[in-house]
Amino acid sequence: MSDFVNGFWGYFISVVAVGGVVWCVWLLYTQRRWLSTKPVNGQVEDTGHVWDGDLTELNNPVPSWWTWMYLLACVFALGYLFFMPGLGEYKGSLGYSSAEEVARNQAKLAEAVRPIYARFETMTVPQIAADPGAREIGQRLFLNTCAQCHGSDAKGGPSFPNLADGDWLHGGSPEAIMQTITQGRVGVMPPWKGVIDPKTAGDIAQYVRSLSGLTADPVRVFRGKREFANYCVACHGVDGKGNQSLGAPNLTDEVWLYGSSEATIVQTILEGRQNRMPAHEDVLTPDQIKILTAWVWGLSNKPDAKPQATEKTAAR
Ligand code: HEC
Ligand code: HEC
């Protein structure tokens with residue numbers, strides 16, 4: 001009840017709740033004369049309505065057990081409102097809170113699963129990544145918390161990075177992955193509309209395409225290269241290989257977050273891009289983050305696999 005935006009609603013609810021009970025009692029009180037009507041000489045008062053010629057509608061008072069139940073319900077309601085939270089901001093004399101109950105249950109659950117995670121406490125991320133039990137937990141955590149954005153195979157999609165390709169915006173070390181999951185990341189490519197005209201943006205796009213060996217017009221590549229040096233190298237580097245501390249992608253590796261067509265690159269340049277990986281420190285426990293880090297790390301660091309950085313995802 002402390003979630004109301006202003007105090008008025010707390011009072012409103014209190015008035016409705018207490019007023020409702022008072023109204024019920026008042027109703028019973030005003031009807032008391034009729035409730036206590038006793039049959040005179042075994043003759044019950046009738047309402048004066050007669051149906052089908054001889055069916056008389058009687059006016060029997062309700063039985064006394066009903067009256068008592070009605071009163072008890074009113075007493076119960078008042079008692080409940082005294083002991084439990086229910087009257088606006090009033091917390092109830094017993095101090096019960098459903099939020100605390102949830103927190104207690106969560107703590108109990110954390111206690112119950114602790115032995116499962118305890119095994120991984122002293123293990124390094126590569127060791128956890130090699131552990132089949134941990135991989136199973138990691139996969140389930142990923143499907144629950146991450147797959148809606150990164151896909152159930154972790155291969156991402158437009159604007160959501162592929163986590164299995166060995167190519168990293170923010171770094172693929174266990175520490176970098178853990179920081180990404182814990183604190184989240186933002187990737188901001190500034191918009192250049194008004195600074196760079198669309199034709200020049202097209203030239204730059206041709207140059208960007210040439211960096212990863214895609215077909216490009218040599219004359220426009222030549223012009224684009226000059227402009228790239230003016231506007232883009234601060235983040236993407238002189239060689240276009242990007243900068244992980246800024247989350248600026250490598251433009252030479254055939255891995256595309258948005259796409260490699262001239263139109264898409266021009267759009268990226270003119271409109272800019274804003275991308276956010278949400279922080280998970282309030283969603284997952286440190287134990288879970290460690291397992292997930294190992295699971296994600298293990299996707300591109302398989303002991304038996306070749307480096308996958310050159311794998312083509314350009315088709316997207
Ligand atoms: C709401 C969507 C969303 C969810 C949920 C989400 N992510 Fe992300 N994640 C993103 C986006 C968008 C980026 C790219 C950020 C950028 O462009 O800099 C990203 C980036 C990352 C990166 C960095 C990739 C790189 O190349 O450096 C990792 C690692 C990652 N996410 C892992 C996870 C894990 C593990 C989870 C589950 C706990 C998760 N993400 C949940 C949207 C999401
Ligand atoms: C302030 C730093 C900064 C500057 C300057 C900058 N970029 Fe970016 N760029 C980024 C970041 C960060 C991203 C990733 C955005 C995201 O995470 O969604 C990005 C993304 C891109 C992409 C998308 C790559 C893909 O995989 O789809 C292209 C293309 C690109 N930039 C080209 C350029 C060009 C061309 C210029 C010069 C006109 C430029 N950038 C200038 C920071 C910058």
Side-chain angles (χ1 to χ4, degrees), residues 138-151 154 156-193 195-196 200-209 211-212 224-237 240 242-281 283-284 288-297 299-300 309 313-314 316:
Q139 168 123 37
R140 277 199 295 271
L141 288 171
F142 188 86
L143 289 175
N144 272 338
T145 8
C146 324
Q148 71 268 41
C149 290
H150 291 285
S159 94
F160 298 112
N162 184 339
L163 304 180
D165 61 0
D167 179 65
W168 300 96
L169 292 164
H170 302 280
S173 67
E175 296 74 28
I177 297 174
M178 191 176 277
Q179 192 188 339
T180 299
I181 301 174
T182 311
Q183 288 164 19
R185 299 277 190 185
V186 281
V188 180
M189 153 97 187
W192 294 96
K193 207 182 230 163
V195 180
I196 299 177
T200 310
D203 293 344
I204 303 176
Q206 288 292 315
Y207 173 66
V208 169
R209 282 174 59 84
L211 287 175
S212 49
K225 183 174 183 181
R226 212 175 41 214
E227 305 295 339
F228 189 88
N230 277 341
Y231 298 112
C232 319
V233 294
C235 295
H236 291 284
N243 182 340
Q244 292 188 341
S245 63
L246 298 168
N250 184 344
L251 301 175
T252 69
D253 62 0
E254 304 183 35
V255 174
W256 298 93
L257 196 52
Y258 299 99
S260 62
S261 71
E262 179 177 329
T264 306
I265 299 175
V266 166
Q267 189 189 0
T268 300
I269 297 172
L270 295 181
E271 312 286 339
R273 299 282 184 188
Q274 285 229 21
N275 222 7
R276 172 182 292 274
M277 154 81 193
H280 281 78
E281 54 194 339
V283 182
L284 301 165
Q288 291 174 320
I289 290 179
K290 189 170 178 188
I291 303 248
L292 262 174
T293 300
W295 189 80
V296 170
W297 183 86
L299 291 174
S300 40
T313 46
R316 280 208 307 270

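Whatever order the structure lists ligands and atoms in, that order sets their numbers, starting from 1. Because only heavy atoms are used, hydrogens play no part in the values below, and waters and symmetry mates are left out as well, while side chains stay in.
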Review point. Evaluating non-hydrogen atoms only, which member of Gly187, Cys149, Ala176 is closest to atom 1 (C) of ligand 1?
Key: Cys149
**Study point:** Region of Leu163 that comes within reach of ligand 1 [heavy atoms, distance under 4.0 Å]
**Key:** side chain
Review point. When you measure from atom 41 (C) of ligand 1 to every protein heavy atom, which one gives the shortest distance, and what is it?
Key: His280 CE1, 3.5 Å
Study note, to complete from the structure: Closest non-hydrogen contact found for Val266 with Ala205 is CG2-CB, 4.0 Å
Point to revise | Contact atoms of ligand 1, heavy-atom distance to Thr145 under 4.0 Å | key: 5 (C), 37 (C)
**Study point:** Region of Ser159 engaging ligand 1 - heavy atom pairs below 4.0 Å
**Key:** backbone
Practice item. Tell me, please: is Pro249 in heavy-atom contact with ligand 2, that is, under 4.0 Å? Key: yes
Revision key, fill the gap. In ligand 1, the atoms that come under 4.0 Å of a heavy atom of Ile181 are 35 (C)
Review point. Just wondering, more than 12 heavy atoms not from Gln274 lying within 6.0 Å of its CD?
Key: no
Revision key, fill the gap. protein heavy-atom neighbour closest to atom 13 (C) of ligand 1 works out as Pro161 CD, 3.4 Å
Check your understanding: Say you draw a straight line from CD of Gln206 to CD of Glu227; how long is it, rounded to the nearest 0.5 Å?
Key -> 14.0 Å
Review point. Out of curiosity, Leu292 CG to Gln139 CD, how far, rounded to the nearest 0.5 Å?
Key: 10.5 Å
Review point. Arg276 to ligand 1: N or O pair under 3.5 Å?
Key: no
Practice item. Please state whether the separation between atom 8 (Fe) of ligand 1 and some N/O/S atom of Met277 is under 2.8 Å? Key: yes
Review point. What part of Leu292, side chain from CB on, backbone N/CA/C/O, both or neither, has a heavy atom under 4.0 Å from ligand 1?
Key: side chain
Review point. Heavy-atom contacts under 4.0 Å between Gln244 and ligand 1: side chain, backbone, both, or neither?
Key: neither
**Study point:** N or O contact, His236 vs ligand 2, cut-off under 3.5 Å
**Key:** yes
Check your understanding: What do we get for Pro190 next to ligand 2 when only non-hydrogen atoms under 4.0 Å count, side chain, backbone, both or neither?
Key -> side chain
**Study point:** N or O contact, Thr180 vs ligand 1, cut-off under 3.5 Å
**Key:** no
Point to revise | Contact summary for Ile177 and Gly171, nearest pair of heavy atoms | key: CG1-O, 4.0 Å
Check your understanding: Does Cys146 put an N, O or S atom under 2.8 Å from atom 8 (Fe) of ligand 1?
Key -> no
Review point. Could an N or O of ligand 1 be found under 3.5 Å from any N or O of His170, whether backbone or side chain?
Key: yes
Exercise for review: Determine whether the side chain, the backbone, both or neither of Thr268 has a heavy atom under 4.0 Å from any heavy atom of ligand 2.
Suggested key: side chain
Practice item. Please state which part of Val255 comes within less than 4.0 Å of ligand 2, counting heavy atoms only: side chain, backbone, both or neither. Key: backbone
